[in-house]
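The structure appears below as structure tokens.
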There are 2 protein chains.
Amino acid sequence: MKSMKISEAVVRRLPIYLRYLNELNMMQIQTVSSQELGQKLNLNPAQIRKDLAYFGEFGKKGIGYDVHYLIEKIRHILKLDQIIHVGLVGAGNLGHALSNYNTYLKDNMKITAVFDSAKDKIGKEINHLKVLPMEELPEVVRQHGIRVGIITVPAVEAQIVANAFVEAGVEAILNFAPAIVKVPAHIRIHHADFTTELHSLAYYLEE
Amino acid sequence: MKSMKISEAVVRRLPIYLRYLNELNMMQIQTVSSQELGQKLNLNPAQIRKDLAYFGEFGKKGIGYDVHYLIEKIRHILKLDQIIHVGLVGAGNLGHALSNYNTYLKDNMKITAVFDSAKDKIGKEINHLKVLPMEELPEVVRQHGIRVGIITVPAVEAQIVANAFVEAGVEAILNFAPAIVKVPAHIRIHHADFTTELHSLAYYLEE
DNA sequence: TAGATTGTTAATCGATTAACAATC
DNA sequence: TAGATTGTTAATCGATTAACAATC
């Protein structure tokens with residue numbers, strides 16, 4: 001089962017498993033079945049078992065999954081058994097909001113630097129992080145070992161910021177701007193766009 | 001082709017088409033082919049044609065799609081040919097950030113009311129909207145005809161807020177809290193979770 | 001042992017892409 | 001007419017779910 005390529009759908013579910021397993025762990029619960037997981041997460045238990053089985057045999061037949069062990073395994077799969085440093089460009093409200101999530105991100109990922117190009121933003125403090133000018137991005141990315149970039153600038157500036165991230169050497173980008181951004185094939189980019197999300201929701205409203 | 005049930009994947013792409021078509025419209029461009037759309041949006045042209053064909057014959061063979069006409073059609077499909085009123089609970093940084101998106105949402109959707117349960121938030125102004133106490137939610141939802149609810153509260157409070165939205169009669173919910181929220185089957189809920197998004201991105205980093 | 005639950009194969013379901021006749 | 005591009009069918013690809021032997 002090793003060394004198959006894993007579908008994006010599977011990868012998207014792993015963090016959801018991880019989050020709930022962490023909750024179970026905090027509630028001192030030691031074992032969980034795919035049945036219970038499925039119930040809580042609105043997923044098919046067979047799907048959960050299959051997702052996990054891509055990466056190894058993590059469960060015990062007749063018993064279920066050891067919560068702590070599974071957390072370790074998923075963290076490893078997601079490369080979250082190390083601290084991943086994240087840089088963010090755009091010190092507006094959204095950037096401010098996201099930098100607050102460091103607590104949720106726990107010890108797995110960390111927003112380490114915030115940048116902006118606007119004079120009036122530079123130097124201000126956001127969540128204990130001084131807002132840095134864009135000029136310092138390449139240097140800071142290298143120094144801090146930043147591997148992921150977050151874009152929270154207006155749509156028109158998104159491509160420019162993405163280019164800067166790519167040149168500075170980040171490996172993945174999360175773009176919140178409502179715009180399609182192009183990056184070289186070796187860079188992973190995900191779009192988290194509030195406006196398209198909301199617009200697609202409207203489709204499901206009653207006449 | 002009418003009255004098939006349309007897949008979620010298709011519905012998620014429609015707002016992306018719409019956004020780019022609006023850009024073309026602003027650039028005074030009258031006609032566009034599935035080829036060009038695909039190039040700009042990183043999608044297969046056949047897929048775009050098929051997506052649109054679910055809803056009607058919007059193009060002209062040999063010519064392409066009339067930008068303005070297609071905008072009208074997609075807006076109608078997404079029920080965005082009317083103003084959809086949106087309520088938001090959680091006047092923190094994220095709530096504040098999202099309420100700023102009213103300009104991006106254009107004349108299609110509008111965040112009409114912001115609520116919070118914290119005494120120190122209530123009464124403050126966010127983007128010309130006075131933050132209202134949760135107690136007023138049912139009444140305001142009815143008065144303003146709010147049909148969509150946005151949740152930007154901490155994870156532990158998300159379910160409570162969702163319940164309040166459902167009881168007040170909203171038809172769809174967009175949840176930003178990092179938690180699975182349960183709603184009755186007739187309510188549409190989408191999860192826009194920054195933390196799982198970022199965690200799944202980590203999977204694609206190099207060793 | 002009996003009951004529970006995994007890992008995995010097979011069956012189903014769904015979504016994407018290719019190909020091309022129709023036609024502007 | 002020649003070239004371009006749609007709408008749609010068929011082919012491919014991929015993801016989900018059901019079922020069950022293996023086994024704790």
Side-chain angles (χ1 to χ4, degrees), chain A residues 1-17 20-21 24 29-74 77 200 203-204, chain B residues 1-17 20-21 24 29-74 77 200 203-204:
Chain A
M1 268 290 144
K2 277 287 162 64
S3 87
M4 286 178 74
K5 65 177 176 317
I6 305 298
S7 87
E8 202 178 311
V10 174
V11 175
R12 291 191 161 280
R13 284 188 293 266
L14 294 177
I16 296 172
Y17 303 155
Y20 183 59
L21 289 164
L24 290 176
I29 290 164
Q30 321 253 316
T31 301
V32 69
S33 67
S34 61
Q35 178 88 208
E36 297 169 84
L37 279 170
Q39 212 128 46
K40 272 291 176 185
L41 305 176
N42 299 330
L43 294 170
N44 183 302
Q47 182 171 64
I48 295 174
R49 293 200 298 279
K50 199 159 201 288
D51 283 355
L52 297 173
Y54 283 117
F55 302 98
E57 303 200 2
F58 300 149
K60 282 205 174 45
K61 295 192 173 78
I63 309 289
Y65 298 90
D66 181 88
V67 171
H68 190 264
Y69 180 71
L70 194 53
I71 287 172
E72 292 294 297
K73 287 299 182 183
I74 296 180
I77 294 162
S200 70
Y203 176 81
Y204 298 98
Chain B
M1 270 287 144
K2 277 287 162 63
S3 87
M4 287 179 74
K5 65 178 175 319
I6 304 298
S7 87
E8 203 178 308
V10 174
V11 175
R12 289 191 162 281
R13 284 189 293 268
L14 293 178
I16 297 172
Y17 303 155
Y20 183 60
L21 289 165
L24 289 176
I29 290 165
Q30 321 253 321
T31 301
V32 69
S33 68
S34 60
Q35 179 89 208
E36 296 169 86
L37 279 170
Q39 211 128 44
K40 273 290 177 187
L41 305 176
N42 298 330
L43 295 170
N44 183 303
Q47 182 171 63
I48 294 173
R49 293 200 298 278
K50 198 159 200 286
D51 283 354
L52 296 173
Y54 283 118
F55 303 97
E57 304 199 0
F58 300 149
K60 283 207 172 48
K61 295 192 174 77
I63 309 289
Y65 298 92
D66 181 273
V67 171
H68 191 263
Y69 180 72
L70 193 53
I71 288 173
E72 291 293 297
K73 287 299 181 183
I74 296 179
I77 294 163
S200 71
Y203 176 82
Y204 298 99

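To find a chain, count down the sequence lines: A is the first, B the second, and so on, and within it residues start at 1.
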Only Watson-Crick and G-U wobble pairs with both distances less than 3.5 Å should count. Give DNA chain D in dot-bracket notation, marking inter-strand partners with |. ..||||||||||||||||||||||
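Between A/Tyr65 and C/dA4 there is no side-chain polar atom (N or O) within less than 4.0 angstrom of OP1 or OP2. Taking only side-chain nitrogens and oxygens, B/Arg49 never comes nearer than 4.0 Å to OP1 or OP2 of D/dG7. At least one side-chain nitrogen or oxygen of A/Ser34 sits closer than 4.0 Å to the OP1 or OP2 atom of C/dT6.
By the side chain to side chain contact (heavy atoms under 4.5 Å, CB included) test, B/Tyr69 pairs with B/Phe58, B/Asp66, B/Lys73, sequence neighbours left out. Every residue meeting the side chain to side chain contact (heavy atoms under 4.5 Å, CB included) condition with A/Lys50, not counting sequence neighbours, appears here in chain and number order: A/Tyr54. The salt bridge (charged side-chain N to carboxylate O under 4.0 Å, His left out) check on B/Glu8 picks up B/Arg12, B/Arg188, with sequence neighbours excluded. Judged as a side-chain hydrogen bond (donor to acceptor under 3.5 Å, both in side chains), and not counting sequence neighbours, B/Gln47 has no contacts. A/Asn42 meets the side-chain hydrogen bond (donor to acceptor under 3.5 Å, both in side chains) test with B/Lys182; sequence neighbours excluded. In terms of the side chain to side chain contact (heavy atoms under 4.5 Å, CB included) criterion, residue partners of A/Ser7 (sequence neighbours excluded) are, by chain and number, A/Ala9, A/Val10. Not counting sequence neighbours, the partners of B/Asp51 by the salt bridge (charged side-chain N to carboxylate O under 4.0 Å, His left out) test are B/Arg13.
Near DNA chain C, meaning a heavy atom under 4.0 Å from it, residues 36-46 of chain A has no residue at all.
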Quick one: which protein N/O atoms are closer than 3.5 Å to N/O atoms of nucleotides 22-24 of chain C? Pair and distance per line, please.
residue: C/dC24; atom: O4'; partner: B/Lys61; partner atom: O; Å: 3.0

